[in-house]
K.L.:
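Before I ask anything, let me first share the structure, which is written out below as structure tokens.
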Amino acid sequence: MAKKQKRDEKGYLRKSFTDSNGKRHFVRAKTEDELLEKYLKRKAEEAEKAKNIQEDIFNPRIDDYYKTFTDIRRNEIKESTIRAQISQYQNISNVILAPGKRFGDLRLKDITRANIERARQMLLNDGKTPENLNICFAHLNHVFQSAVLDDTLEKNPCRALKKLKRSKKPATDTKHRALTVEETMRFFQAAKDRNSFYTNVFKLMIKTGMRIGEISALYLTDIDTKEGFIHVRRTVSRDELGAYYISEDTKTESGSRDIPLTQDVLNIIKSQEELNRQLFGLQWSGTIFKSTEEGLLREYTLNREIKRICKDAEIEYFTSHAFRDTFATRFIEQRPQDYKVLSEILGHKDISITLNLYTHVMTETKVNAMNDILIKIG
């Protein structure tokens, strides 16, 4: 005969069990059937909790792993880079693969090549460009590779993913192209006719090859008229929330450099000083090149003005980065032997970056040089 269970002072039956962590749990009920039902349900719930905890540790959701991945890298890379990469990752993580099945909620070890291919195709169908998606999935590949290196994953499901074919001409042929001499003349004439506030910025970029962020962070103290150099030491960056600020260093270590201060460049800076006094008063302070509202100069503000000027000049639209490419192209065309000097002026990490970017100009210059050489053999 089964032993009759004792009831507590309130008349409840009680049953207990110990979970995998050694914690004791109690359930109470008025009847034996109800007690058994509650006991089995509670035990299953605790087992599921324990399973989820184990999964969170050994097979986390990719969103959770990415947060850890990002936190570790905060001391290694710039805030602006972190912000850009989070945006790239979120493009993928927010894809709904099926009802109730979001990519970012998948467990890291459960993600397959098929999941990744499907997410990419859905983003393509949603209007994302192949160029943009190649960048996003290259970053995802980096995330998976990190998981392999720290033994969270055995193999990277993103590794064999092939790049999507480019859907349009590269930026170096369109909006980032080097301007022709005719385009340059027409643009600056149109800028003059418009009396554009940003004409001096455009001139400085095409005369020095400086990046817009570097120009935006220039103070008068960076203009060394005694030694004859512009000291590039800072740039405008963005934090994780997208706010603009002047960082205490340049985009890269090699970006910190000294650019020779020619008379043309000095005249541009003096012209801007005078313009600042007229617009902001005799006691203006801060950076030399500002927006019309006296705030930090931003790339999209310049690009918007460039678009207006291009329309007036009846030339194809380009972005502010084209001035940097134009400077480098004219430099290589006129002084091909000084490509190392160009690399230093541009702030490239090594010469190969310069050569790879302007190889088409180097090739043309090389052909012209060969044609100019006369060697008598008889």
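What you see is a predicted model; the values in this text were computed from it and never measured. These numbers come from the heavy atoms of this one structure, side chains and all, not from hydrogens, waters or symmetry mates.
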K.L.:
Out of curiosity, Ser271 OG to Ile268 CD1, how far, rounded to the nearest 0.5 Å?
P.N.:
8.5 Å

K.L.:
Would Gln145 and Asn141 count as having a side-chain donor-acceptor pair, cut-off 3.5 Å?
P.N.:
no

K.L.:
Quick one, Leu97 with Leu106, criterion side chain to side chain contact (heavy atoms under 4.5 Å, CB included). Give me CA distance, side-chain angles, the key distance, then yes/no.
P.N.:
CA-CA 10 Å; Leu97 297 174; Leu106 298 179; 3.8 Å; yes

K.L.:
Determine yes or no for a side-chain-to-main-chain donor-acceptor pair under 3.5 angstrom, with Asn134 supplying the side chain and Glu131 the backbone.
P.N.:
no

K.L.:
With distance as the sole test, does Thr287 use its side chain to make a donor-acceptor pair with the main-chain N or O of Lys290 at under 3.5 Å?
P.N.:
no

K.L.:
Using a 4.5 Å cut-off on heavy atoms from C-beta on, say whether the side chain of Asp193 contacts that of Gln189.
P.N.:
yes

K.L.:
Hydrophobic cluster membership, with links at side-chain heavy-atom distances under 4.5 Å among I/L/V/M/F/W/Y: are Met205 and Phe188 in one?
P.N.:
yes

K.L.:
With clusters defined by side-chain heavy atoms of hydrophobic residues (ILVMFWY) lying less than 4.5 Å apart, directly or transitively, does Ile72 cluster with Val143?
P.N.:
no

K.L.:
Is Tyr66 reaching over with its side chain to a backbone N or O of Tyr89, donor-acceptor style, under 3.5 angstrom?
P.N.:
no

K.L.:
Ile345 versus Phe331: any side-chain heavy-atom pair under 4.5 Å?
P.N.:
yes

K.L.:
Sort out for me which residue in Asn267, Leu204, Ile288 forms a side chain to side chain contact (heavy atoms under 4.5 Å, CB included) with Gln272.
P.N.:
Ile288

K.L.:
Tell me, do Glu183 and Thr326 make a side-chain contact under 4.5 Å, heavy atoms counted?
P.N.:
no

K.L.:
Return the CG to CZ distance between Leu302 and Phe202, rounded to the nearest 0.5 Å.
P.N.:
5.0 Å

K.L.:
Treating Ile, Leu, Val, Met, Phe, Trp and Tyr as nodes and any side-chain heavy-atom pair under 4.5 angstrom as an edge, say whether Val341 and Ile332 lie in one connected cluster.
P.N.:
yes

K.L.:
Taking the cut-offs as 6.0 angstrom to the six-membered ring centre and 45 degrees off its axis, would you call Lys15 and Phe26 a cation-pi pair?
P.N.:
no

K.L.:
Does a sphere of radius 6.0 Å around CD in Glu76 hold more than 12 heavy atoms from other residues, nucleotides or ligands, not counting ones at 6.0 Å or beyond?
P.N.:
yes

K.L.:
Where the side chain of Ser216 meets the backbone of Leu297, is there a donor-acceptor pair that is under 3.5 Å apart?
P.N.:
yes

K.L.:
Measure the spacing between CZ of Arg120 and CG of Asn91 and express it to the nearest 0.5 Å.
P.N.:
14.0 Å

K.L.:
Minimum heavy-atom separation for Tyr317 and Thr319, please, with both atom names.
P.N.:
OH-CG2, 3.6 Å

K.L.:
Counting C-beta onward and ignoring hydrogens, is there a side-chain heavy-atom pair between Asp105 and Lys101 closer than 4.5 Å?
P.N.:
no

K.L.:
Report yes if the side chains of Thr235 and Ser247 come closer than 4.5 Å at any heavy-atom pair, otherwise no.
P.N.:
yes

K.L.:
Classify the ring geometry between His25 and Phe17 as parallel (under 30°), tilted (30 to 60°) or perpendicular (over 60°).
P.N.:
parallel

K.L.:
Could you pull out the closest heavy-atom pair between Leu140 and Ile62, with the gap in Å?
P.N.:
CD1-CD1, 4.0 Å

K.L.:
Inspect the surroundings of CZ in Arg159 and state if more than 12 heavy atoms from other residues, nucleotides or ligands are less than 6.0 Å away.
P.N.:
no

K.L.:
Please give me the minimum heavy-atom distance between Phe318 and Cys310, naming the atom from each residue.
P.N.:
CE2-SG, 3.4 Å

K.L.:
Any carboxylate oxygen within less than 4.0 angstrom of a Lys/Arg side-chain nitrogen, looking at Arg233 and Asp258?
P.N.:
yes

K.L.:
Return the set of residues passing salt bridge (Lys or Arg N to Asp or Glu O under 4.0 Å) with Glu182 (not counting sequence neighbours), or none when no residue passes.
P.N.:
Arg186

K.L.:
Quick check: does any side chain N or O of Arg24 sit under 3.5 Å from a backbone N or O of Ser16, one acting as donor and the other as acceptor?
P.N.:
no

K.L.:
Between Phe289 and Tyr198, is the ring centroid distance below 6.0 Å?
P.N.:
no

K.L.:
What pairs with Asp71 under salt bridge (Lys or Arg N to Asp or Glu O under 4.0 Å), at least two apart in sequence or on another chain?
P.N.:
Lys67, Arg74

K.L.:
For the residue pair Tyr339 and His348, is the inter-centroid distance of their aromatic rings smaller than 6.0 Å?
P.N.:
no

K.L.:
Provide the closest heavy-atom pair for Pro157 versus Thr112 in the form atom of the first, atom of the second, distance.
P.N.:
CB-C, 4.3 Å

K.L.:
Got a sec: does the NZ of Lys30 have more than 12 other heavy atoms crowding it under 6.0 Å?
P.N.:
yes

K.L.:
As a quick check of understanding, evaluate side chain to side chain contact (heavy atoms under 4.5 Å, CB included) for Ile92 and Phe137, giving each step before the final call.
P.N.:
CA-CA 8 Å; Ile92 304 169; Phe137 282 88; 3.9 Å; yes

K.L.:
Before giving the answer on side chain to side chain contact (heavy atoms under 4.5 Å, CB included), spell out for Glu273 and Leu220 the whole-Å C-alpha distance, their side-chain angles and the decisive distance to 0.1 Å.
P.N.:
CA-CA 9 Å; Glu273 286 185 71; Leu220 283 176; 3.6 Å; yes

K.L.:
Aromatic ring centroids of Phe187 and Phe323 under 6.0 Å?
P.N.:
yes

K.L.:
Please find the pair of heavy atoms, one from Ile77 and one from Thr81, that lie closest to each other, and give the distance.
P.N.:
CD1-CG2, 4.0 Å

K.L.:
Using a 6.0 Å cut-off, check whether atom CD of Glu154 has over 12 heavy atoms from anything other than its own residue.
P.N.:
no

K.L.:
Mind checking salt bridge (Lys or Arg N to Asp or Glu O under 4.0 Å) for Lys340 and listing every partner two or more places apart, or none if nothing turns up?
P.N.:
Glu344

K.L.:
Would you say the side-chain atoms of Asp150 and Thr152 include a donor-acceptor pair closer than 3.5 Å?
P.N.:
yes

K.L.:
Is the closest basic N to carboxylate O distance between Arg14 and Asp8 below 4.0 Å?
P.N.:
no

K.L.:
Just wondering, do Ser237 and Tyr244 contact through their side chains at under 4.5 Å, heavy atoms?
P.N.:
no

K.L.:
Answer yes when Arg277 and Glu274 have at least one side-chain N-carboxylate O distance shorter than 4.0 Å, and no when they do not.
P.N.:
yes

K.L.:
With rounding to the nearest 0.5 Å, note down the distance linking CZ in Arg61 to CG in Leu108.
P.N.:
11.5 Å

K.L.:
Using a 4.5 Å cut-off on heavy atoms from C-beta on, say whether the side chain of Leu261 contacts that of Asp224.
P.N.:
no

K.L.:
Taking all heavy atoms of Phe144 and all of Cys158, pick out the closest pair and write down the distance.
P.N.:
CD1-CB, 3.6 Å

K.L.:
Determine, stepwise, if the pair Val265 / Ile259 fulfils side chain to side chain contact (heavy atoms under 4.5 Å, CB included).
P.N.:
CA-CA 10 Å; Val265 171; Ile259 298 176; over 6 Å; no

K.L.:
Answer yes or no: does atom NZ of Lys207 have more than 12 heavy-atom neighbours from other residues, nucleotides or ligands under 6.0 Å?
P.N.:
no

K.L.:
Donor-acceptor pair, distance only, cut-off 3.5 Å: does the side chain of Arg107 make one with the backbone of Asn59?
P.N.:
yes

K.L.:
Within the 4.5 Å heavy-atom criterion, are Lys192 and Thr199 side-chain neighbours or not?
P.N.:
no

K.L.:
Do the side chains of Leu266 and Val232 join up, straight or via other hydrophobic residues, at under 4.5 Å, putting them in one cluster?
P.N.:
yes

K.L.:
Look at Arg335 together with Asp338 and state whether they make a salt bridge at an N to O cut-off of under 4.0 Å.
P.N.:
yes

K.L.:
Following the transitive rule for hydrophobic clusters with a side-chain heavy-atom cut-off under 4.5 Å over Ile, Leu, Val, Met, Phe, Trp and Tyr, establish whether Leu275 and Phe280 coincide in one cluster.
P.N.:
yes

K.L.:
Students often mix this up, so state it plainly: with edges at 30° and 60°, are the rings of His142 and Phe69 parallel, tilted or perpendicular?
P.N.:
perpendicular

